Amino acid sequence: MADEALFLLLHNEMVSGVYKSMEQGEVENGRCITKLENMGFRVGQGLIERFTKDTARFKDELDIMKFICKDFWTTVFKKQIDNLRTNHQGIYVLQDNKFRLLTQMSAGKQYLEHASKYLAFTCGLIRGGLSNLGIKSIVTAEVSSMPACKFQVMIQKL
């Protein structure tokens, strides 16, 4: 339980620190999101490398996404993704109905505009993990009601 609290505090401090540099005139909002996503990308690469060292090779893209939704998500966020959908053409939607990094915020509509900065790191985390498994992707997140969110993963074919 203590490690979960530390992760939440660390994440909040990362977001806060990156946005404080924006207030001091160093960067603008888009660059803050990019910076957080790049941090997540690197962490995702490292975590996947560590988590998959003793696993068998994955058969296909869907197996990799199932691994991300079950094992990877459980290790990082202490629960599985609530729903995984695909159109079988390279687009996957991962839905988390009680996303841990948003649960500290009020469930009201007033914080929806701030949700993107708390999701950027996780988008990078997913993209980095997939990258290390040989899948190039674009990951976006959307929140329609707090603390539920959807991550859309578009696989880029080579």
Side-chain angles (χ1 to χ4, degrees), residues 1-23 27-48 50-52 61-88 90-133 135 137-155:
M1 190 67 177
D3 59 336
E4 181 181 345
L6 292 173
F7 174 67
L8 294 174
L9 289 170
L10 175 65
H11 182 265
N12 285 340
E13 283 301 311
M14 280 188 329
V15 172
S16 175
V18 167
Y19 275 83
K20 273 186 186 159
S21 67
M22 179 185 81
E23 290 170 5
V27 292
E28 68 269 0
N29 187 33
R31 293 179 86 185
C32 290
I33 297 283
T34 302
K35 190 172 188 176
L36 287 167
E37 189 175 345
N38 287 338
M39 285 181 194
F41 182 84
R42 180 61 197 111
V43 171
Q45 283 183 317
L47 288 176
I48 282 291
R50 188 171 172 203
F51 296 159
T52 59
E61 199 174 86
L62 185 59
D63 273 354
I64 291 172
M65 292 307 296
K66 286 178 183 177
F67 175 81
I68 295 289
C69 293
K70 291 179 182 177
D71 301 324
F72 184 73
W73 211 259
T74 300
T75 304
V76 176
F77 297 110
K78 308 294 185 237
K79 68 182 275 294
Q80 291 183 8
I81 281 285
D82 295 310
N83 196 350
L84 169 65
R85 294 189 181 149
T86 182
N87 66 354
H88 298 288
I91 296 180
Y92 297 87
V93 178
L94 290 66
Q95 183 172 343
D96 192 332
N97 295 328
K98 195 174 177 190
F99 187 57
R100 290 217 190 284
L101 299 179
L102 295 179
T103 53
Q104 302 94 342
M105 296 177 154
S106 170
K109 298 266 186 209
Q110 72 268 27
Y111 294 109
L112 281 177
E113 64 192 42
H114 298 288
S116 63
K117 61 185 173 185
Y118 290 93
L119 297 173
F121 180 81
T122 307
C123 288
L125 199 69
I126 296 168
R127 196 170 60 84
L130 290 172
S131 170
N132 226 15
L133 293 172
I135 296 178
S137 62
I138 298 173
V139 181
T140 57
E142 79 177 54
V143 178
S144 53
S145 66
M146 300 280 256
C149 67
K150 292 180 182 178
F151 295 94
Q152 182 174 337
V153 179
M154 284 193 312
I155 306 298

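Every value quoted in this text rests on a predicted model; they were computed, and no experiment measured them.
- Residues forming a side chain to side chain contact (heavy atoms under 4.5 Å, CB included) with V143 (at least two apart in sequence, or on another chain): L102, L112, A115, L119, M146, C149.
- A donor-acceptor pair under 3.5 Å is absent between the side-chain atoms of S137 and the main chain of M154, judged by distance alone.
- Put simply, the side chain of R127 does not reach to within 4.5 Å of the side chain of I138, judged on heavy atoms.
- Atom NZ of K78 has more than 12 neighbouring heavy atoms from other residues, nucleotides or ligands inside a 6.0 Å radius.
- Checked against side-chain hydrogen bond (donor to acceptor under 3.5 Å, both in side chains), Q152 has no partners two or more places apart in sequence or in another chain.
- A distance of 8.0 Å separates CZ in F99 from CD1 in I81, rounded to the nearest 0.5 Å.
- To the nearest 0.5 angstrom, R31 atom CZ is 11.0 Å from N38 atom CG.
- Here Q80 pairs with nothing under the side-chain hydrogen bond (donor to acceptor under 3.5 Å, both in side chains) rule; sequence neighbours left out.
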For residues 62-75, which side-chain N or O atoms pair as donor and acceptor with protein atoms under 3.5 Å away, sequence neighbours left out?
from	atom 1	to	atom 2	distance (Å)
W73	NE1	D96	OD2	3.0
T74	OG1	K70	O	2.4
T75	OG1	D71	O	2.8

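- Among pairs with a residue in residues 139-155, none fulfils salt bridge (Lys or Arg N to Asp or Glu O under 4.0 Å), at least two apart in sequence or across chains.
- Contact of the L47 side chain with the L125 side chain is registered, since non-hydrogen atoms from C-beta on lie closer than 4.5 Å.
- R100 contributes atom CZ, which lies 7.5 Å from atom NZ of K98 (distance to the nearest 0.5 angstrom).
- Under the 4.5 Å side-chain criterion, counting only non-hydrogen atoms from C-beta, C32 is not in contact with K117.
- Residues passing the side-chain hydrogen bond (donor to acceptor under 3.5 Å, both in side chains) test with D82, sequence neighbours excluded: K79.
- Closest of all the heavy-atom pairs between S131 and Q45 is OG-NE2, 3.9 Å.
- Residue Y92 holds its OH atom at 4.5 Å from OG1 of T86, rounded to the nearest 0.5 Å.
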